[in-house]
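Fair warning: this is a prediction, and the values are worked out from it, not measured in the lab.
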Amino acid sequence: MRKWRSKPTKYISTRPIFKEEYPNLIGAMIEDGLTATITAEGIKWYHGDYKVSKRVVCDVWNITESQMKKINQYIYSHDPFVGEDNG
């Protein structure tokens, strides 16, 4: 699991990802070499030149499916990976 939060992530229930935390998460992903590209088929994830599944991204970054849906919406509306070398 990658560390991108300053507060503990272990709670009785899943800790939400707040909108103001998205830039920190995306920045940490970019720093780690993870990028996302918006395509006609949806968002495609890459680590370097290798395509990775959304499930792997969730597992590595400790993100639930519900949280990933919100992150996808953030990516669609802000496209924070534009300008990054995303394959």
K54 and E65: salt bridge (charged side-chain N to carboxylate O under 4.0 Å, His left out), yes or no, with the steps?
CA-CA 9 Å; K54 180 173 58 172; E65 287 183 40; over 6 Å; no
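- Atoms OG1 and CD1, from T35 and I43 in turn, are 11.5 Å apart once rounded to the nearest 0.5 Å.
- Of all non-hydrogen atoms in I17 and Q67, the two that sit nearest each other are CG1-NE2, 3.7 Å.
- Minimum heavy-atom separation, P23 to Y74: CG-OH, 3.6 Å.
- Here the side chains of I38 and V82 are not in contact, with every heavy-atom distance at 4.5 Å or above.
- More than 12 heavy atoms of other residues, nucleotides or ligands lie within 6.0 Å of NZ in K44, so this atom counts as buried by the packing criterion.
- When all heavy atoms of P16 and E21 are compared, the pair lying nearest together is O-OE1, 3.7 Å.
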Do I71 and V57 pass the side-chain contact (heavy atoms from CB on, under 4.5 Å) test, and can you show the C-alpha distance, the side-chain angles, and the key distance before you say yes or no?
CA-CA 11 Å; I71 291 167; V57 173; over 6 Å; no
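- Here the closest heavy-atom approach between residue Y46 and residue V52 is recorded as N-CG2, 4.1 Å.
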Would W45 and K51 count as a side-chain contact (heavy atoms from CB on, under 4.5 Å) here? Give the steps.
CA-CA 6 Å; W45 291 93; K51 187 175 175 186; over 6 Å; no
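- Heavy-atom minimum distance, F81 versus A36: CB-O, 3.3 Å.
- R55 contributes atom CZ, which lies 8.5 Å from atom CE of M68 (distance to the nearest 0.5 angstrom).
- Here the straight-line distance linking atom CG of N24 with atom CD of E31 works out to 10.5 Å at 0.5 Å rounding.
- The distance from atom CD1 of I26 to atom CD1 of I75, rounded to the nearest 0.5 Å, is 4.5 Å.
- Within the model, atoms NZ of K70 and OH of Y22 stand 6.0 Å from one another, a figure rounded to the nearest 0.5 Å.
- When all heavy atoms are compared, the tightest approach of L34 to H47 is N-CD2, 4.0 Å.
- For E20, the CD atom counts as densely surrounded, since its 6.0 Å shell holds more than 12 non-hydrogen atoms of other residues, nucleotides or ligands.
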